[in-house]
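Below: one structure, written as structure tokens.
All chains are named by letter (A, B, ...) in the order of the sequence lines, taking the proteins before the strands, and each is independently numbered beginning at 1. Being a predicted model, the structure only gives us computed values, none of them experimental.
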Protein chains: 2
Amino acid sequence: MTPLAPDPDVLRGLRLFAGLDAAALAETVRSAQTQRVEKGATIFSQGDPATLCHALIDGRVKIVQTGADGQQMVVRYIGPGEMFGTAAVFAGGVYPADALAVADCVAIHWSAAAMGVLMERHPRVAMNALDIVGRRLQEVQTRLREVSTERVERRVAHALLRLARQAGRRVEGGVEIDFPLSRQDIAEMTGTTLHTVSRILSGWEAQGIVEGGRQQVTIRRPHALVAIAEDLPRPLPPA
Amino acid sequence: MTPLAPDPDVLRGLRLFAGLDAAALAETVRSAQTQRVEKGATIFSQGDPATLCHALIDGRVKIVQTGADGQQMVVRYIGPGEMFGTAAVFAGGVYPADALAVADCVAIHWSAAAMGVLMERHPRVAMNALDIVGRRLQEVQTRLREVSTERVERRVAHALLRLARQAGRRVEGGVEIDFPLSRQDIAEMTGTTLHTVSRILSGWEAQGIVEGGRQQVTIRRPHALVAIAEDLPRPLPPA
DNA sequence: GCGCCTCTTTGCGCCCGCGCAAACTGCCCG
DNA sequence: CGGGCAGTTTGCGCGGGCGCAAAGAGGCGC
């Protein structure tokens, strides 16, 4: 976690500051701090007082919530350009989950006080934050419905499609999820066990829909996954 | 849905406008409209363009999301003083769920444009909204973890406790949830079936923990429910 | 290059909770 | 007052997916 001088240009990529003029952006930069986080490190922990708003510049961060009995759930993965920990700062003041770097990261952060000042001076920032948090709320609500009403296979399909959209990299013959993702991780995203995930992926692999590796998944036939996720009439594999 | 002249005083109870001075509150009132909604009516529907921010003054509103195959999930119940539909207005522009009045209601609303102007002029409003939406995000994330990792019985216990906290009315010998709530509704809140909910409530009723009726639940021994929800060593019923 | 360690795969048996079906009950409305 | 209907209860059987257990397979450090 080395503090560095922040680069003004990186803010252009953040939706939080969309619509600000150059002067406001400069002001924003002055109140920010950059940090490097190496793979495996913790950025904040569940239960810590939420004193910092974070934005990820580069790398990948996993947000994990732990229940009373130690059961874990992957809330989401954060990619470059996304905020994290922001909602906690303005709601409750305690981080509701852990943030772990799953790759070497560059992140930028503001103190709660500094962000408060920014928002009061530039309502656009607050409104952008509302937009971001609102979309996230909708996404989580949709996942809640999925977990509540859909079968495991479909939930896994949805999770992979979501990951591909968010963190997919085109490779020959498919889309690869470009950060280390274990079966256990997928299980914790979909509310099942790593055994079940492994079985499902094995089945899909036999049908040529995905290709798995160690902490790695490549989607070979995305439309087939969509068919599973949406329960469209399934294109039968050549019997 | 009769439009009425809004009453300035009702805004005092809304967290969205906490911290505003009298002049700002007056301005807020001018851009608002009040409506009466009778039990059973729909306030907005999933998929509709989100043109209005709502606040409930009196009554009870059920927010229900419907999946592709018609599976329904109760996202939350809204009580007096709470906002609804706000996140959608600033994120995506489409309501992600239906809002149904489960009792006769009085609600107040602002157009998206008017609310945008209010937020730009009074950043506190935007920040309050961020607080509200952020808390709701945290709550839904917690429910997501629950549904993903906990057994049905515990989820039902959590749901009842949450309802009691939000909409409980003390009566002799317990806490009654003060709006019509069917077994089906509880099932849709917890991701199970009405049969399973009915069995669980019957079991609890036999132990004197709850008392059920038609679309009605009274919690007789809240601490026993907490014990189930948290998996504390269970106070055995007299064998 | 060898061995270890983590991640993954796969088999097997069981149980929670769903699906179906039918009976029951209290309200509402005619 | 009597039917009908929505909501609820309960029985029964099955099956998806979990739990446990053990073997296989890469990758990494030494």
Side-chain angles (χ1 to χ4, degrees), chain A residues 38-40 62 67 69-74 100 102-103 146-160 177 179-207 209-218 228 231, chain B residues 39-40 62 67 69-74 100 102 146-160 177 179-207 209-218 228 231:
Chain A
E38 63 184 15
K39 180 174 172 174
K62 177 163 80 164
D69 300 3
Q71 337 89 307
Q72 296 205 313
M73 139 130 289
V74 175
L100 302 175
V102 295
E146 281 176 18
V147 170
S148 301
T149 63
E150 294 182 356
R151 313 250 122 179
V152 171
E153 189 182 36
R154 264 207 219 181
R155 306 206 301 262
V156 174
H158 269 125
L160 286 188
I177 290 159
F179 60 91
L181 179 76
S182 72
R183 305 293 181 268
Q184 177 73 37
D185 291 326
I186 297 174
E188 287 178 5
M189 295 180 72
T190 52
T192 181
T193 64
L194 93 161
H195 307 277
T196 299
V197 170
S198 180
R199 277 180 248 269
I200 289 172
L201 291 192
S202 294
W204 288 348
E205 192 150 6
Q207 298 173 53
I209 297 176
V210 304
E211 191 169 317
R214 194 190 181 72
Q215 303 206 93
Q216 199 270 333
V217 178
T218 302
I228 293 170
D231 196 28
Chain B
K39 180 174 173 174
K62 177 163 79 163
D69 301 4
Q71 336 90 307
Q72 296 204 314
M73 138 129 291
V74 175
L100 302 174
V102 295
E146 281 175 17
V147 170
S148 300
T149 63
E150 293 180 356
R151 312 250 125 182
V152 170
E153 189 182 35
R154 263 206 221 183
R155 305 206 302 261
V156 174
H158 269 125
L160 286 188
I177 290 159
F179 60 91
L181 179 76
S182 71
R183 305 293 181 267
Q184 177 72 36
D185 291 326
I186 298 174
E188 288 177 5
M189 295 180 72
T190 52
T192 182
T193 63
L194 95 160
H195 308 277
T196 299
V197 170
S198 180
R199 277 180 248 268
I200 289 172
L201 291 193
S202 294
W204 289 348
E205 192 150 6
Q207 298 174 53
I209 298 176
V210 303
E211 190 169 318
R214 191 190 183 74
Q215 304 206 93
Q216 200 269 336
V217 178
T218 302
I228 293 170
D231 197 27

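- Note: CD (B:E205) to P (D:dT9) measures 7 Å, nearest angstrom.
- What separates CG of A:L201 from P of C:dT9 is a distance of 7 Å, to the nearest Å.
- When distances run from any side-chain atom of B:S202 to the nucleotides C:dG26, D:dT10, C:dG11, the shortest one goes to D:dT10.
- With the nearest nucleotide of DNA chain D identified for both B:L194 and A:V152, B:L194 has the one nearer the 5' end.
- Listed candidates were C:dT9, C:dT6, D:dG7. Nearest to the side chain of B:R214 is D:dG7.
- When rounded to the nearest whole Å, the span between CZ of A:R183 and C1' of C:dT9 equals 10 Å.
- Of the candidates C:dG19, C:dT8, D:dC18, the closest approach to any side-chain atom of A:Q215 belongs to C:dT8.
- Side-chain atoms of B:R151 stay outside donor-acceptor range of the base of D:dG17, with no qualifying N/O pair under 3.5 Å.
- Put simply, CD1 on A:I186 is 12 Å from C1' on C:dT8, counting in whole angstrom units.
- No donor-acceptor distance shorter than 3.5 angstrom exists from the side chain of A:R183 to the backbone of A:V197, with no hydrogens or angles considered.
- Separating the CG atom of B:D69 from the P atom of C:dG19 is a distance of 13 Å, rounded to the nearest angstrom.
- The phosphate of C:dC18 (OP1 or OP2) has a side-chain N or O of B:T193 nearer than 4.0 angstrom.
- Across all their heavy atoms, A:E188 and A:Q72 have their closest contact at CG-O, 3.6 Å.
- Closest approach of B:L201 and B:V210 over heavy atoms only: O-CG2, 3.9 Å.
- With rounding to the nearest 0.5 angstrom, the CE atom of B:M189 is 12.5 Å from the CD atom of B:Q184.
- To the nearest angstrom, C1' of C:dT6 lies 12 Å from CD of A:Q184.
- For D:dT10, its base sits under 3.5 Å from the side chain of B:H195 at one donor and acceptor pair at least.
- At least one donor-acceptor pair under 3.5 Å links the side chain of B:S202 to the backbone N or O of B:S198.
- Residue B:S182 has no polar side-chain atom (N or O) positioned under 4.0 Å from OP1 or OP2 of D:dG7.
- Among the nucleotides D:dG17, D:dT9, C:dC27, the one closest to the side chain of B:S198 is D:dT9.
- One donor-acceptor pair, N or O on each side, does fall under 3.5 Å between the base of D:dG19 and the side chain of A:R199.
- The distance from atom CG of A:L181 to atom P of C:dT6 is 19 Å, rounded to the nearest whole Å.
- Rounding to whole angstrom units, CD1 of residue A:I200 and P of C:dT9 are separated by 12 Å.
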